Amino acid sequence: MPVQNIKQYLNKEISSALKECSGIQSSNANVTTSSRPEFGDYQANGVMSVAKQLSANPRELALKVIDYLEDNSIALIEAIEVAGPGFINIRLRERSVLSMANDLLSGKNDAISATDSPMKVVVDYSSPNLAKEMHVGHLRGTIIGDSIVRILEKEGHEVIRQNHVGDWGTQFGMLISFMQEIKRSDTENIPKELSDLEKFYTAAKARFDSDESFSSASRQAVVKLQSGDPNHRAIWEEFIETSLLHCDAIYKKLNVTLSRTDLDSESRYNDILEKIIEDLERKGLVTESDGAKCVFLPEFIGKDGDTLPIIIQKSDGGYLYSTTDLAAIKLRSEQMMADRALYVVDARQSLHFKQVFALAKSAEIASNNISLEHIAYGTMMGADGRPFRTRSGDTVKLIDLLDESIARAYDLVTEKNSSLGETERREIAEIVGIGSVKYAELSKSRTSDYVFDWSSMLSFEGNTAPYLLYAFARITSLISKSSESNSPMAISLISADEERSLLIKILQFPEIVNTVSTDCYPNLLCNYLYELAGIFMRFYEACPILKADKLIKISRLALASLTATTLKEGLDLLGIETLEKM
RNA sequence: GCGCCCGUAGCUCAACCGGAUAGAGCACCUGCCUUCUAAGCAGGGGGUUGGAGGUUCGAGUCCUCCCGGGCGCGCCA
């Protein structure tokens, strides 16, 4: 079994050595990559805390661990030594590193191979509200979710995408009522502007907020829709289809893997919502409060120290988000038999999910075998530090942001590379523009709120997608210029520090991917790829390739080629396409 | 009022569940295109990690308090 994940491997080996030397079974070597290059390639930080438990001298314990490891001679390790208060510093053996890399180059091993414990994972993401067009706030969940899905699949898990679109809420009553009003009126100049769903929604909302009789008609309309009235149903279907066409267009443009078959609309649960309520009632969990059906779980305390309700049915008989979510959990647990269900949703909904998950578990709607996880992401803020809006108070349409990014990329490629033909520049602009926007979302830590800013979102310098794409394009160009491109390549020697750092960085790719698939932080993958590209750039500046002696030239070309493969694979996992030229 | 999240360079963000000298990009300054793509590279200035205590070999990270911000808290999703 070849070593794939170096960190994991070292951690396992050193941890067991530490257990052996200390007698403490819970010993963890806590191996990380070295914080400074002069310390080596990896370091073990765990000896000190174990030594404390024994009240032993940490350096002495570290020495014992090293002796033990040397007796068991681990091929990967070239040098190992104690440093500072009890760190263990490790330098990898060049021969082992080269052979690992060459196994990747020859195709003998894959950088990411299928896990031996595949899981069935439901990923609920994107989930726009179909009453309006997608706006910039929908970008984050869509992009992060799509990256997580790609990574899980790459690792060999079975992934079920679920786009839990909002198509069944109160706003549809409002839209239907408004549509009926327009159809009744004979004024020809009111456009039936379903092509601009956003305007239609805004107009309907204005009526809803200003006219009492309209808003109560709207509420009745929802009830009619939900009870299956054919007229209401027909108008509703018109809205949904229009809205889905918008979504399809956005997903296509964004290169997001969602399709119609992944739809998990709220409306599909309509018929079983009643059964969910009955089930909860039978289990004695439901309390009626002010006419609404609620479940009170003692661990949730709200205002004034009262127990917080989970409302599952409104006093007018309507169902809520909580109800459909419970129904979705039931499906995902009982029928899909998922091991994990990931909800990639804005952090502001964390209380909602805590409640729903807790209820699902205690009411046994979800089995004990499913792990329900809210993959929360931070809110997009405006420059004023409040959730993002434009000056007029409207949100920015997602499609406008994407088009702007592509337009700016087009101007830039025209300026940088005017010799390229029109269609080629359009292609480059598309990939650079979309890639930049996606990368801007992915590269920030998932949980923190972040400020929306056109210029940083659409920047093409520094830690951005174009930086990575540029590194890739340089390598493609190199390879196409070399006459050796067809001969089998291998990295035969390391003649410069830059080569060594690049090589080791490449081999760390699986470590990162593995971390992201469990913790769902794609920004770690972005950081990694940025560092990888940065190391490549330095290597490229410092080490001539095509002009080098034949042996070195072939070796460096192979290294560059492996860098390109890694970059491409990584960008692929982020859902970003690569370019041969830019 | 209660709960969750956050406060790191002028700005936007990192920091691998407590590790060694807190890193990038933008902006600013200085170099590098008759040699593999300058969307790049090399270098410079810029920090009491909001403040005060505490825990220990070691704290941006953990605990307490304070200041400041965001979000959530009964019929929206």
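Fair warning: this is a prediction, and the values are worked out from it, not measured in the lab. Convention: sequence-line order gives letters A, B, ...; per-chain numbering from 1.
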Is Arg140(A) close enough and on-axis enough to Tyr377(A), meaning under 6.0 Å and within 45°, for cation-pi? no
Relative to its sugar, using the 90° cut-off around 0, the base of C33(B) is syn
Once you apply a heavy-atom cut-off of 4.0 Å, does Lys293(A) come out as touching a base, just sugar-phosphate, or nothing? nothing
- Message: Once you apply a heavy-atom cut-off of 4.0 Å, does Asp290(A) come out as touching a base, just sugar-phosphate, or nothing?
- Response: base
*Which part of the nucleic acid does Gln43(A) contact within heavy-atom distance under 4.0 Å: base, sugar-phosphate only, or nothing?*
base
(Q) Which label fits Phe239(A) and Phe172(A): parallel for a plane angle under 30°, tilted from 30 to 60°, or perpendicular past 60°? (A) perpendicular
To the nearest angstrom, the CG-P distance between Asn28(A) and C17(B) comes to 10 Å
Any side-chain N or O of Thr379(A) below 4.0 angstrom from OP1/OP2 of C71(B)? no
- Item | Worked verdict on Arg207(A) versus Ser218(A) for side-chain hydrogen bond (donor to acceptor under 3.5 Å, both in side chains) | CA-CA 10 Å; Arg207(A) 282 287 282 132; Ser218(A) 298; over 6 Å; no
Output field dot_bracket for RNA chain B (Watson-Crick or G-U, both distances under 3.5 Å, | for other-strand pairs) contains (((((.(..((((.....[...)))).(((((.......))))).....(((((..]....)))))).)))))....
* Asked: Among side-chain atoms of Tyr439(A) and Asn463(A), is any donor-acceptor pair under 3.5 angstrom?
  -> yes
### Task
For nucleotides U34(B) and C17(B), find the distance between their P atoms and express it as a whole number of Å.
47 Å
Which of C4(B), A77(B), C57(B) is nearest the side chain of Lys354(A)? It is C4(B)
Exercise. Does CD in Glu274(A) sit with more than 12 non-hydrogen atoms of other residues, nucleotides or ligands closer than 6.0 Å?
Worked result: no
| said: What's Arg36(A) touching, base or sugar-phosphate or nothing? Going by heavy atoms closer than 4.0 Å. | reply: base
When rounded to whole Å, the CE to C1' distance for the pair Met381(A) and G7(B) reads 12 Å
> Is the ring centre of Tyr343(A) less than 6.0 Å from the ring centre of Phe357(A)?
Replying inline: yes
Next on the checklist: Taking only the C1' atom of each, what is the distance from A15(B) to G47(B) in whole angstrom?
Outcome noted: 15 Å
Closest of G74(B), C13(B), G72(B) to the Cys294(A) side chain is G74(B)
**OP:** Would you indicate what Cys526(A) reaches in the nucleic acid, counting non-hydrogen atoms under 4.0 angstrom: base, sugar-phosphate, or nothing?
**Re:** nothing
| query | So, do Leu326(A) and Tyr269(A) sit near enough that their side-chain heavy atoms are less than 4.5 Å apart? | reply | no
Next item on the list: Please work out which of the three classes, parallel, tilted or perpendicular, describes the rings of Phe353(A) and His374(A), given edges at 30° and 60°.
Entry: tilted
Classify the nucleic acid contact of Ile545(A) as base, sugar-phosphate or nothing, counting any heavy atom under 4.0 Å across all strands shown. base
Q: Report which part of the nucleic acid Met582(A) touches: base, sugar-phosphate, or nothing (heavy-atom distance under 4.0 Å, all strands).
A: base
| task | Would you mind classifying the nucleic acid contact of Glu580(A) as base, sugar-phosphate or nothing, using non-hydrogen atoms under 4.0 angstrom? | result | base
Give a yes or no on whether Asp519(A) atom CG has more than 12 heavy-atom contacts from other residues, nucleotides or ligands under 6.0 Å away. yes
Whole-Å distance, Gln508(A) CD to C16(B) P, equals 15 Å
Taken to the nearest whole Å, CD/Gln349(A) to C1'/G72(B) is 10 Å
- Query: Between the side chains of Ser436(A) and Ser405(A), does any donor sit under 3.5 Å from an acceptor?
  - Reply: no
Here the distance between atom C1' of C71(B) and atom CG of Leu351(A), to the nearest Å, is 11 Å
Side-chain atoms of Leu478(A) come closest, of C36(B), C71(B), A39(B), to C36(B)
Result for side chain to side chain contact (heavy atoms under 4.5 Å, CB included) between Leu18(A) and one of Asn28(A), Leu61(A), Ile24(A), Ile88(A) points to Leu61(A)
Categorize Ser448(A) for me: base, sugar-phosphate, or nothing, with a 4.0 angstrom heavy-atom threshold over every strand shown. sugar-phosphate
By nearest-heavy-atom nucleotide on RNA chain B, the more 5' of Lys581(A) and Asp167(A) is Lys581(A)
Ranking U12(B), G19(B), A77(B) by distance to the side chain of Glu266(A), first place goes to A77(B)
Of the listed C36(B), U37(B), C17(B), the closest approach to the Ala473(A) side chain comes from U37(B)
From the candidates A39(B), A14(B), U37(B), the one with an atom nearest any side-chain atom of Leu412(A) is A39(B)
Give Thr324(A) one of three labels, base, sugar-phosphate or nothing, depending on what nucleic acid heavy atoms sit under 4.0 Å from its own. nothing
Does the C26(B) base have a donor-acceptor partner in the side chain of Ser456(A) within less than 3.5 Å? no
> Would Arg408(A) and Glu404(A) count as a salt bridge (charged side-chain N to carboxylate O under 4.0 Å, His left out) if you check the C-alpha gap in whole Å, the side-chain angles of each, and the deciding distance to 0.1 Å?
Replying inline: CA-CA 6 Å; Arg408(A) 291 197 193 188; Glu404(A) 174 70 18; 2.8 Å; yes
Atom CD1 of Ile90(A) and atom P of A20(B) are separated, to the nearest Å, by 16 Å
Out of A39(B), G19(B), A77(B), minimum distance to the side chain of Thr170(A) belongs to A77(B)
Quick note, Lys416(A) side chain, CB onward, closest among C75(B), A38(B), C57(B) is A38(B)
Per atom distances to the Asn45(A) side chain, the nearest of G74(B), C73(B), G19(B) is G19(B)
Quiz item: Touch check for Thr515(A), heavy atoms < 4.0 angstrom, all strands: base, sugar-phosphate only, or nothing?
Solution: nothing
- Checking all strands, does Ala83(A) fall into the base, sugar-phosphate, or nothing category for heavy-atom contacts under 4.0 angstrom? base
Original post:
So what does Asn89(A) touch, heavy atoms closer than 4.0 Å: a base, only the sugar-phosphate, or nothing?
Top reply: base
Assert: residue with more 5' nearest nucleotide on RNA chain B, out of Leu320(A) and Val413(A), is Val413(A)
Do Gln226(A) side-chain atoms and Gly318(A) backbone N/O form a donor-acceptor pair below 3.5 Å?
no
*Does Lys553(A) make a side-chain N or O approach to OP1 or OP2 of C36(B) shorter than 4.0 Å?*
no
(message) Rounding to an integer number of angstrom, what distance separates A9(B) and A14(B) when you compare their P atoms?
(response) 13 Å
5' to 3', nucleotides 40-46 of chain B under a 4.0 Å protein heavy-atom cut-off (B base, S sugar-phosphate only, - none) gives SSS----
Ranking A24(B), C75(B), U21(B) by distance to the side chain of Tyr530(A), first place goes to A24(B)
